[in-house]
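First up is the structure itself, then whatever we jot down about it.
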Amino acid sequence: QVQRVESGGGLVQAGGSLRLSCAASGRTFSLHAMGWFRQAPGKEREFVATINWTGGRTAYSDSVKGRSTISRDNAKNTVYLQMNSLKPEDTAVYYCAEGLSAYGSRVPTDFGSWGQGTQVTVSS
């Protein structure tokens, strides 16, 4: 069974940075798009960023665009989310997910395998 393990979350002050990592097991990581989503207490899960199978195409939500960078290292089966200039409204549990295809998507149902999540808390 393919597993994904997120790490890198934590408590940071507003304006700070965090780098989230998602390490995946399995042999097909490089064939699939990856995505990051987040869910704040009492809110729906929302799209954050996605990257296609080669890493050549990315997309971001308006809320993080310009402050975040998604990247991947297929040799390490790992996808990253670098987040800068963090705001209290970025506080959420962040999940990585494997796409059902090689192409990135903003839609949660286009992703079939999800990690357990990592908590990001931004204090004001």
Side-chain angles (χ1 to χ4, degrees):
Q1 182 177 357
V2 177
Q3 293 184 325
R4 285 158 233 307
V5 179
E6 297 99 334
S7 62
L11 173 64
V12 63
Q13 289 187 331
S17 298
L18 283 174
R19 188 194 196 201
L20 306 185
S21 299
C22 173
S25 63
R27 299 181 180 181
T28 62
F29 174 85
S30 63
L31 302 179
H32 294 265
M34 295 295 294
W36 284 96
F37 292 79
R38 67 186 183 187
Q39 188 166 19
K43 295 188 177 181
E44 297 287 322
R45 188 169 297 190
E46 66 171 352
F47 165 75
V48 176
T50 189
I51 188 167
N52 74 338
W53 67 294
T54 65
R57 299 196 75 170
T58 59
Y60 301 89
S61 67
D62 289 342
S63 60
V64 305
K65 189 181 297 182
R67 300 188 295 121
S68 298
T69 303
I70 187 172
S71 60
R72 66 190 298 161
D73 185 338
N74 286 344
K76 295 182 178 179
N77 278 17
T78 302
V79 62
Y80 305 96
L81 182 67
Q82 175 70 43
M83 300 190 295
N84 302 319
S85 302
L86 283 161
K87 305 175 182 179
E89 50 263 45
D90 293 318
T91 295
V93 177
Y94 284 70
Y95 299 90
C96 72
E98 180 180 274
L100 296 174
S101 78
Y103 306 102
S105 172
R106 300 169 180 260
V107 180
T109 53
D110 287 339
F111 294 83
S113 180
W114 295 76
Q116 296 292 326
T118 185
Q119 176 71 48
V120 171
T121 303
V122 184
S123 63
S124 57

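Computed over heavy atoms, backbone and side chain alike; hydrogens, waters and symmetry mates excluded. Keep in mind that what you see is a predicted model, and the values were worked out from it rather than measured.
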Legend entry - Separation between OG of Ser61 and CZ of Arg106, rounded to the nearest 0.5 Å: 7.5 Å
Legend entry - Between SG on residue Cys22 and CG on residue Asn77, distance to nearest 0.5 Å: 10.0 Å
Legend entry - Inter-residue atom distance Ile70.CD1 - Cys96.SG, 0.5 Å rounding: 9.5 Å
Legend entry - Non-neighbouring partners of Phe37 that pass ring-ring contact (aromatic ring centres under 6.0 Å, His included), sequence neighbours left out: Phe47, Phe111, Trp114
Legend entry - Partners passing side-chain hydrogen bond (donor to acceptor under 3.5 Å, both in side chains) against Tyr94 (at least two apart in sequence or in another chain): Arg38
Inset, instruction - With rounding to the nearest 0.5 Å, note down the distance linking CD in Gln116 to CD in Gln3. - result: 8.5 Å
Legend entry - Closest non-hydrogen atom pair between Arg72 and His32, with its separation: NH1-O, 2.8 Å
Inset, instruction - With sequence neighbours left out, write down each residue that passes salt bridge (Lys or Arg N to Asp or Glu O under 4.0 Å) with Arg67, or none if nothing qualifies. - result: Asp90
Legend entry - Note, Thr50 side chain near Trp36 side chain (heavy atom, < 4.5 Å): no
Inset, instruction - Identify the two heavy atoms, one from Glu6 and one from Gly117, that lie closest to each other, and give their separation to 0.1 Å. - result: OE1-N, 2.9 Å
Legend entry - Taking every non-hydrogen atom, the tightest pair across Pro88 and Ser124: CG-CB, 3.8 Å
Inset, instruction - Taking the six-membered ring of Tyr95 (Phe, Tyr or Trp), confirm whether the NZ or CZ of Arg45 is under 6.0 Å from its centre and within 45° of its axis. - result: yes
Legend entry - Arg4 side chain to Ser113 side chain, donor-acceptor N/O pair below 3.5 angstrom: yes
Legend entry - Heavy-atom side-chain contact between Arg19 and Met83 under 4.5 Å: no
Inset, instruction - Would you indicate whether Gln119, at its atom CD, is surrounded by more than 12 heavy atoms from other residues, nucleotides or ligands within a distance under 6.0 Å? - result: yes
Inset, instruction - For Ser17 and Asn84, test the side chains for any donor-to-acceptor distance below 3.5 angstrom and give the result as yes or no. - result: yes
Legend entry - Heavy-atom check, side chain of Tyr80 versus side chain of Asp73, under 4.5 Å: yes
Legend entry - Value rounded to 0.5 Å, distance of CG in Leu31 from OG in Ser101: 11.0 Å
Inset, instruction - Mind listing the closest non-hydrogen atom pair of Thr58 and Ile51 along with its distance? - result: CG2-CG1, 3.7 Å
Legend entry - Which atom of Ala49 lies closest to which atom of Leu81, heavy atoms considered: CB-CD1, 4.1 Å
Inset, instruction - Indicate whether any N or O donor in one side chain lies under 3.5 Å from an N or O acceptor in the other, for Ser30 and Asn74. - result: no
Legend entry - ILVMFWY network linking Trp53 to Tyr60, side-chain heavy atoms under 4.5 angstrom: no
Legend entry - Candidate pair Leu20 and Thr118, rule side-chain contact (heavy atoms from CB on, under 4.5 Å), full reasoning: CA-CA 8 Å; Leu20 306 185; Thr118 185; 4.1 Å; yes
Inset, instruction - Quick one: do Val12 and Thr121 satisfy side-chain contact (heavy atoms from CB on, under 4.5 Å)? Show the steps, please. - result: CA-CA 6 Å; Val12 63; Thr121 303; over 6 Å; no
Inset, instruction - Could you tell me which non-hydrogen atom of Leu18 sits nearest to which non-hydrogen atom of Gly8, and how far apart they are? - result: CD2-O, 3.6 Å
